[in-house]
Q: 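First the structure, then my questions, so here it is.
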Amino acid sequence: MAAKVSHYEPPSSASSESEDGKDDREMFFTEEISMDNKFEMGTPTPIPTSPRPPSASSTKSPHSRRQRTVSCSQSNKKTAAESVLQSKTRTIYTAGRPPWYNFAGQQVEPFIIGICGGSASGKTTVATKIIESLDVPWVTLLSMDSFYKVLNEKQHEMAARNEYNFDHPDAFDFELLRKTLQRLKEGKKVEVPIYNFVTHSRESRTKTMYGANVIIFEGILTFYNADVLKMCDMKVFVDTDADVRLARRLKRDISQRGRDLDGVLKQYNTMVKPSFYYYIAPSMVHADIIVPRGGDNEVAIELIVQHIHTQLQLRGFKLREKLALSYIGQPLPNSLYLLPDTPQIKGLHTFIRNEKTHRDEFIFYSKRLMRLVIECALSLLPFKEVSVETPQGVSYNGRRNASEKICGVSILRAGETMEQPLRDVCKDIRVGKILIQTNFETGEPELYYLRLPKDIKDYKVILMDATVATGAAAMMAIRVLLDHDVPADNIMLASLLMAESGVHSIAYAFPNVKIVTSALDPEINEKFYVLPGIGNFGDRYFGTEPSTTADD
Amino acid sequence: MGNSDAAVKKLPMQNGNTTNLTLLVNENSTENGTEEYGSNLKILPANDVIRELQTILRDRTTSRSDFKFYADRLIRLVIEESLNQLPFTKCVITTPTGCQYDGLKYQKGNCGVSIVRSGEAMEQGLRDCCRSIRIGKILVESDVDTHEARVVYAKFPDDIAKRKVLLMYPIMSTGNTVIKAIAVLKEHNVLEENIILSNLFCTPFAAKTLVTAFPKMKILTSEIHAVAPNHFGQKYFGCRERGVSKKYN
């Protein structure tokens with residue numbers, strides 16, 4: 001199953017493996033592709049010395065090490081070409097992530113589906129079929145396998161002799177599981193451990209997961225812990241006959257893992273079967289839906305999918321229009337810092353707003369203006385009094401920046417243009433990036449890509465976007481930062497031009513985020529451009545405007 | 001947090017309401033500069049960033065690389081502010097959204113003049129703002145024995161008499177060098193009211209001397225302080241002051 005979705009497709013998901021711990025990188029990733037390929041190509045693969053835990057089910061890989069905790073979406077099964085539409089003048093990407101919070105910037109809770117069932121009952125098949133039929137971007141699949149406890153030496157030896165009970169509740173770290181699920185439910189970033197079934201320990205790498213619209217949580221003891229059970233919005237039990245499950249296990253363990261019949265039966269009779277009757281079968285009473293025959297039961301899956309759709313609609317994700325219409329005629333918020341209206345700033349605006357300005361001049365003057373905006377943003381950071389010795393032999397009472405860690409985060413594409421001015425004033429500053437694009441069908445912003453400094457929670461963050469109209473993209477970016485545990489006080493949004501309604505929306509949703517801009521325009525048109533505005537800043541800066549209006 | 005210096009100024013809006021709009025101004029940046037020196041001397045609105053830059057430049061332990069980097073930042077801010085003193089006219093332009101925007105346009109006919117050597121440190125800052133501006137130069141040397149400043153070299157655009165002149169010199173302790181330079185400009189028929197002096201650090205003595213000697217000239221500085229950081233040129237360029245002239249004179 002997992003192999004099916006294992007190709008790498010950068011701009012469409014919220015899960016990743018952390019890379020040497022250097023960056024938080026969130027992009028599309030699912031499975032150890034190389035291993036599956038090896039097997040399919042018939043290369044001889046070593047038989048693992050340690051048996052797979054009995055709870056493991058339907059993957060094709062002969063390796064006992066596997067990762068079933070994935071984050072994926074409907075779109076990830078499409079090829080790259082399918083998620084990109086080419087119209088006459090534009091390229092449209094359809095695989096981004098729509099807002100997962102409501103218009104006041106508050107998190108909308110994801111829908112959590114718990115799937116429980118005996119070993120080899122077809123839980124993963126059911127989960128995959130739900131994802132396939134759901135057609136919702138951004139689904140996270142969390143497997144209980146990730147939460148096996150780290151074994152000590154003695155337990156490790158027992159495991160080698162098929163005597164360690166992987167089906168018993170004691171084998172799982174329920175506390176970590178509960179915390180992880182709780183954070184996912186809050187939309188926060190989590191590091192999901194990767195369990196290595198050969199060494200029976202957690203690998204140093206982890207899988208970064210990030211709030212999704214739908215979370216599917218599957219495992220043999222999904223309903224065992226009361227706290228975890230409470231978090232599930234929908235509880236599904238996959239009920240497959242014991243003989244079918246045994247048959248699947250025998251087939252898989254003998255033909256794919258080269259184990260002998262006696263060993264498999266012994267394990268089944270002493271551990272798998274008793275665990276099922278003691279712990280798994282009784283938990284069926286908690287289920288909302290019991291799915292007989294597992295993944296083959298299409299009627300059941302269709303019913304589940306319908307229910308989820310209804311629930312998601314109730315939670316509601318319409319965003320831009322609502323933002324544009326709010327707060328007309330309200331006094332400007334306290335968190336707004338507007339650059340003084342000097343002749344230079346006005347003159348620079350005259351250059352960059354003029355439709356006749358050529359790109360060369362547009363770039364030059366917008367950079368000048370950006371530098372002033374950045375200098376202004378920096379002056380809002382905390383400072384401390386210091387006294388320094390001067391070469392003249394007297395001491396001088398001055399000020400130094402009090403914050404050690406400052407980083408920039410640009411909202412792609414237009415925000416990227418502010419990176420150079422930022423680097424020009426801050427030596428060696430770290431710069432993260434967030435790609436947010438507007439979906440032209442829905443008019444909603446969608447999150448595509450995210451790369452932030454490690455430990456961004458310790459940084460003062462200067463979030464940069466060239467223009468802010470409704471504020472939808474900026475709010476999504478702020479939400480992302482908050483989800484990465486950056487306190488709102490530490491976030492500053494810097495921009496060349498903002499519309500009043502956007503400022504109101506952002507200030508209303510995030511009153512502690514400072515907003516810095518060089519000009520404020522009163523209106524937004526039906527295409528969400530600021531008026532009188534500046535046009536499409538990114539297109540003008542990068543020269544990608546439709547050819548009819550391009551000047552050279 | 002950390003915003004202690006920025007005064008919150010309540011602006012009356014056109015409809016009569018006051019808003020809590022926070023303008024980034026400081027008590028120093030009142031319309032007419034400090035009263036002591038008259039309205040033609042302006043001090044850069046002193047926010048925390050500018051204070052920090054000044055602190056770094058004055059700190060004895062700052063490395064040369066940092067010194068140049070932060071000096072360039074401060075210069076850029078002073079130049080941007082100096083350009084605000086240039087004349088402009090109102091104009092209306094059309095934006096790509098088809099709307100009218102009431103903007104303003106700077107008049108042509110400006111030029112920069114730097115006083116060698118430390119004034120040249122400010123040329124790049126000016127170039128970064130006005131890409132093709134003409135820049136003249138004046139070399140003023142103090143006599144080793146008498147300490148009297150004298151002009152040894154000057155080169156200007158031909159029509160400098162018709163232009164607004166942005167005179168650049170970062171450190172003023174006595175003001176003697178600048179006085180000589182202005183005298184040269186006046187010899188070239190530049191009007192006193194057309195000169196804008198851009199400066200980073202100025203002593204109260206120099207400020208007083210200059211506003212008295214040239215009451216119509218505009219002066220812009222980032223700080224008036226009794227001690228001038230005289231190491232500026234040496235640290236910025238990394239060569240000793242007058243190292244060559246002593247040897248050859």
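What you see is a predicted model, and the numbers here were worked out from it, not measured in a lab. The sequence lines fix the lettering, A, B, ..., with proteins before strands; numbering per chain opens at 1.
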Q: Select one option (side chain, backbone, both, neither) describing which atoms of A:Ile352 are under 4.5 Å from chain B's heavy atoms.
A: neither
Q: Relative to chain A, which segment of B:Leu77 carries a heavy atom at a distance below 4.5 Å: side chain, backbone, both, or neither?
A: side chain
Q: Can you tell me which portion of A:Glu523 sits under 4.5 Å from chain B's heavy atoms? Options are side chain, backbone, both or neither.
A: neither
Q: What part of A:Gln392 gets closer than 4.5 Å to chain B, counting heavy atoms only: side chain, backbone, both or neither?
A: side chain
Q: Charged N to carboxylate O under 4.0 angstrom, A:Arg400 versus B:Glu52?
A: yes
Q: Tell me which of these, A:Leu348, A:Asp521, A:Leu372, has more heavy-atom pairs under 4.5 Å with chain B than the rest.
A: A:Leu372
Q: Taking B:Asp66, B:Thr61, B:Leu53 one by one, which has the highest count of heavy-atom pairs under 4.5 Å against chain A?
A: B:Asp66
Q: Determine, for B:Arg76 against B:Asp72, whether the closest basic-nitrogen to carboxylate-oxygen distance falls under 4.0 angstrom.
A: no
Q: Verify the distance criterion only: is there a donor paired with an acceptor across the side chains of B:Asn110 and B:Lys164 at less than 3.5 Å?
A: no
Q: Tell me, side chain or backbone of A:Val386 under 4.5 Å from chain B's heavy atoms, or both, or neither?
A: side chain
Q: Are more than 12 heavy atoms from other residues, nucleotides or ligands located less than 6.0 Å from atom NZ of A:Lys384?
A: yes
Q: Considering only heavy atoms, which portion of A:Phe351 lies under 4.5 Å from any heavy atom of chain B: side chain, backbone, both, or neither?
A: neither
Q: Do A:Arg423 and A:Glu419 sit within salt-bridge range, that is, some charged N less than 4.0 Å from a carboxylate O?
A: yes
Q: Using a strict threshold of under 4.0 Å (side-chain N to carboxylate O), is an ion pair present between A:Asp539 and A:Arg413?
A: yes
Q: Do you know which of B:Pro229, B:Pro96, B:Cys91, B:Cys99 has the most heavy-atom pairs with chain A at a distance under 4.5 angstrom?
A: B:Pro96
Q: I'd like to verify something: which residue of A:Arg540, A:Lys427, A:Lys346, A:Lys367 has the highest number of heavy-atom pairs under 4.5 Å with chain B?
A: A:Lys427
Q: Under a 4.0 Å N-O cut-off, is there an ion pair linking B:Glu223 with B:Arg58?
A: yes
Q: Please classify the contact of B:Gln85 with chain A as side chain, backbone, both or neither, using a heavy-atom distance under 4.5 Å.
A: neither
Q: Between A:Asp360 and B:Arg131, does at least one N-O distance fall below 4.0 Å, as a salt bridge requires?
A: yes
Q: Tell me, for B:Ser65 versus chain A, whether the close heavy atoms (under 4.5 Å) come from the side chain, the backbone, both or neither.
A: both
Q: Tell me, for A:Val425 versus chain B, whether the close heavy atoms (under 4.5 Å) come from the side chain, the backbone, both or neither.
A: both
Q: Please report the shortest heavy-atom distance between B:Thr203 and B:Ala226, naming the atom on each side.
A: CG2-O, 3.7 Å
Q: Looking at A:Leu378, A:Ile345, A:Val530, which has the largest count of heavy-atom pairs under 4.5 Å with chain B?
A: A:Leu378
